[in-house]
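Chain identifiers are assigned alphabetically (A, B, ...) following the order of the sequence lines, protein sequences preceding nucleic acid strands; residue numbering begins at 1 within each chain.
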2 protein chains.
Amino acid sequence: MSVQLTKGESAEMYIKAIGELTLEEALVPISTLASRLGISPVSATEMVHRIVEQGLVEHERYKGVRLTETGKRRAMLVLRRHRLWERFLTDKLKLPWEDVHDLACRLEHAVGTEVIDALVDFLDEPSSCPHGNPIPNSEGEFEYSDGVQLNTLRQGDEGVILRIHPESRDVLSFLAQKRIKPGAALSVIDVDDFDGLLTISINGVDQIIGQRIASHIVVAA
Amino acid sequence: MSVQLTKGESAEMYIKAIGELTLEEALVPISTLASRLGISPVSATEMVHRIVEQGLVEHERYKGVRLTETGKRRAMLVLRRHRLWERFLTDKLKLPWEDVHDLACRLEHAVGTEVIDALVDFLDEPSSCPHGNPIPNSEGEFEYSDGVQLNTLRQGDEGVILRIHPESRDVLSFLAQKRIKPGAALSVIDVDDFDGLLTISINGVDQIIGQRIASHIVVAA
DNA sequence: CCACGTTTATAGGCTAGCCTAAATAGTTAG
DNA sequence: CTAACTATTTAGGCTAGCCTATAAACGTGG
Ligand SMILES: [Mn+2]
Ligand SMILES: [Mn+2]
Ligand SMILES: [Mn+2]
Ligand SMILES: [Mn+2]
């Protein structure tokens with residue numbers, strides 16, 4: 001009769017986070033990981049030791065962590081589940097763009113391949129999440145299309161928004177409110193000399209946004 | 001940025017199980033609960049104390065447990081989520097009848113009202129799970145249509161299968177294999193004098209089934 | 001009415017994940 | 001080359017959920 005409750009969702013969140021942070025730096029400091037997960041550095045270190053034991057990551061002392069091949073595959077499969085659930089929640093259930101990220105973060109741990117494969121069929125093999133990030137295939141492989149962070153653009157530059165990365169509820173609801181989404185064309189009207197505030201024209205409207213938020217917006221190169 | 005992992009799935013499983021077992025006896029002995037959940041009686045007793053503290057159940061010493069109003073509502077909402085996910089998994093994802101119960105048992109804890117309400121719309125407000133059990137409404141209310149357990153029928157009795165209850169992977173795959181599902185008409189050809197083996201005619205085929213499995217099959221009165 | 005079986009409690013233990021405070025080790029800028 | 005800063009470890013603690021072994025309390029059949 002036994003029912004079996006999950007355990008080990010944490011490990012999945014750790015490797016997923018490492019996978020996402022690896023896009024920025026090859027070696028992720030445990031402190032960065034800890035703050036991303038909202039966990040104390042001490043606890044993060046403990047958990048890192050556990051997942052090192054499990055062969056999911058390598059740790060270079062005082063430098064940071066890196067996923068092993070196994071770990072990378074596992075992490076990408078979590079990301080796959082996450083992004084597929086996001087597609088389902090937005091496309092089929094019509095839930096708000098800014099809500100689905102957190103909801104998918106719960107669902108991503110609940111069920112495995114059987115459901116996910118069926119979900120892929122049901123959704124007609126989508127290639128990206130609603131926020132523009134690519135969905136890894138069943139082997140955990142995927143490619144990011146080339147793009148640059150909006151905060152690196154200068155006055156006069158133009159481009160189309162490719163994706164929002166990394167995703168978080170705060171960032172997404174801020175952007176939803178300003179109607180800034182993947183697919184939108186934009187041009188940089190001005191970049192402030194002091195704080196780097198960007199004045200951009202998007203959907204025919206001028207908006208002023210800061211460096212922090214701009215770093216989450218990836219624009220086609 | 002904190003991520004928040006669930007905890008408390010166990011409590012949901014306990015109250016759900018109590019809710020289901022209450023159909024048979026008003027006061028559920030902790031031992032019954034324990035064996036249903038595949039947990040030791042000592043651990044089940046501990047957990048019962050915790051959910052008593054939380055006001056979800058009442059415990060009559062040496063008799064058993066009973067859901068409080070709050071507990072009943074909560075339990076029925078878990079059941080609601082469970083049965084809705086089952087419908088989704090069978091109707092939309094085309095997953096096997098006998099697989100969806102266990103899968104839904106994972107999904108039922110993952111997300112709350114926002115997703116479930118949207119799911120109800122998406123599924124066009126289904127009234128029962130694929131195994132014939134009614135889906136409680138958003139207040140946790142529902143009604144079982146009248147029915148009797150197949151093992152209480154005698155030779156010559158006829159009826160239509162209403163539902164399978166209680167559900168479990170073993171029971172469902174056994175029945176799937178024998179193509180015994182809700183909606184099917186059956187008649188009792190014979191009841192064995194010694195072990196109560198039932199010979200039934202269903203879908204034009206004769207089948208012999210035991211008392212244990214027959215007790216999971218509810219037939220229209 | 002009392003012995004036997006069931007139910008509950010007690011005692012002692014375990015793992016996963018989290019925490020803080022304080023000590024120590026490594027890196028790097030000046 | 002060392003002080004300051006950062007990264008990690010150590011120590012000590014906590015909760016939720018599980019476990020086994022053993023003891024005590026209860027309730028009922030004969
Ligand atoms: Mn998650
Ligand atoms: Mn996304
Ligand atoms: Mn469950
Ligand atoms: Mn069902």
Quiz item: How long is the line joining CE of A:M47 and P of D:dT8, in whole Å?
Solution: 16 Å

Quiz item: Heavy atom of residues 26-33 of chain A under 4.0 Å from DNA chain C: which residues?
Solution: none

In a table with atom names and distances, give each donor-acceptor pair under 3.5 Å that connects a side chain of residues 80-90 of chain A to protein atoms at least two apart or in another chain.
residue	atom	partner	partner atom	Å
A:R80	NH1	A:P136	O	2.9
A:R81	NE	A:E108	O	2.6
A:R81	NH2	A:E12	OE1	3.4
A:R81	NH2	A:E12	OE2	3.0
A:R81	NH2	A:E108	O	3.3
A:H82	ND1	A:E108	OE1	2.7
A:H82	NE2	A:E86	OE2	2.9
A:H82	NE2	A:H101	ND1	3.1
A:R83	NH1	A:P134	O	2.6
A:E86	OE1	A:H131	ND1	3.2
A:E86	OE2	A:H101	ND1	3.2
A:R87	NE	A:D91	OD2	2.8
A:R87	NH1	A:S128	O	2.6
A:R87	NH1	A:C129	O	3.4
A:R87	NH2	A:D91	OD1	3.4
A:T90	OG1	A:E86	O	2.8
A:T90	OG1	A:R87	O	3.1

Practice problem: Would you tell me if any nitrogen or oxygen in the side chain of A:S10 comes within less than 4.0 Å of OP1 or OP2 on C:dA16? | Solution: no

Exercise. Name all residues meeting the salt bridge (Lys or Arg N to Asp or Glu O under 4.0 Å) criterion together with A:E143; count only those two or more places apart in sequence or in a different chain, and write none if there are none.
Key: none

Self-check item: Euclidean distance, atom CD1 of residue A:I51 to atom C1' of C:dA16 [Å, nearest integer]
Solution: 14 Å

Quiz item: Between B:A44 and A:P41, which is nearer to the 5' end of DNA chain D once each is assigned its nearest nucleotide?
Solution: A:P41

Quiz item: With B:D157, which residues qualify under side chain to side chain donor-acceptor pair (under 3.5 Å), at least two apart?
Solution: none

Quiz item: Would A:K92 count as a cation-pi partner of A:F122, with NZ or CZ less than 6.0 Å from the six-membered ring centre and within 45° of the ring normal?
Solution: yes

Enumerate donor-acceptor pairs with a distance under 3.5 Å from any side-chain N or O in residues 53-61 of chain B to protein atoms, sequence neighbours excluded.
residue	atom	partner	partner atom	Å
B:E58	OE1	B:R66	NH1	3.0
B:E60	OE2	B:R66	NH2	2.9

Self-check item: B:I208 CD1: over 12 foreign heavy atoms closer than 6.0 Å
Solution: no

Output a table of nitrogen or oxygen pairs between the protein and nucleotides 9-14 of chain C separated by less than 3.5 Å.
residue	atom	partner	partner atom	Å
C:dA9	OP1	B:R61	NH2	3.4
C:dA9	OP2	B:H49	NE2	2.8

Quiz item: Rounded to the Å, how far apart are A:H109 NE2 and C:dG17 P?
Solution: 12 Å

Exercise. Apply salt bridge (Lys or Arg N to Asp or Glu O under 4.0 Å) to A:E167 and list each qualifying residue two or more places apart in sequence or on a separate chain.
Key: none

Quiz item: Whole Å only: how far is the CD atom of A:E60 from the P atom of D:dT8?
Solution: 11 Å

Quiz item: Looking at B:R50, does any N or O in its side chain come under 4.0 Å of the phosphate oxygens OP1/OP2 on D:dA16?
Solution: no

Exercise. Would you please confirm or rule out a distance under 4.0 Å between OP1 or OP2 of D:dC18 and any side-chain N or O of B:S40?
Key: no

Quiz item: Taking NZ from B:K63 and P from C:dT7, how many angstroms apart are they, rounded to a whole number?
Solution: 12 Å

Exercise. Report yes if a side-chain nitrogen or oxygen of B:S43 is closer than 4.0 Å to either non-bridging phosphate oxygen (OP1 or OP2) of D:dG17; otherwise report no.
Key: no

Self-check item: Residue list, salt bridge (Lys or Arg N to Asp or Glu O under 4.0 Å) with B:E20, at least two apart or on another chain
Solution: B:R36

Quiz item: What's the OH-C1' distance between B:Y14 and D:dA16, to the nearest Å?
Solution: 11 Å

Practice problem: Identify, with sequence neighbours excluded, every residue that meets side chain to side chain contact (heavy atoms under 4.5 Å, CB included) alongside B:R169. | Solution: B:E98, B:D99, B:D102

Exercise. For B:L37 and D:dC19, give me the distance from atom CG to atom C1', rounded to whole Å.
Key: 16 Å

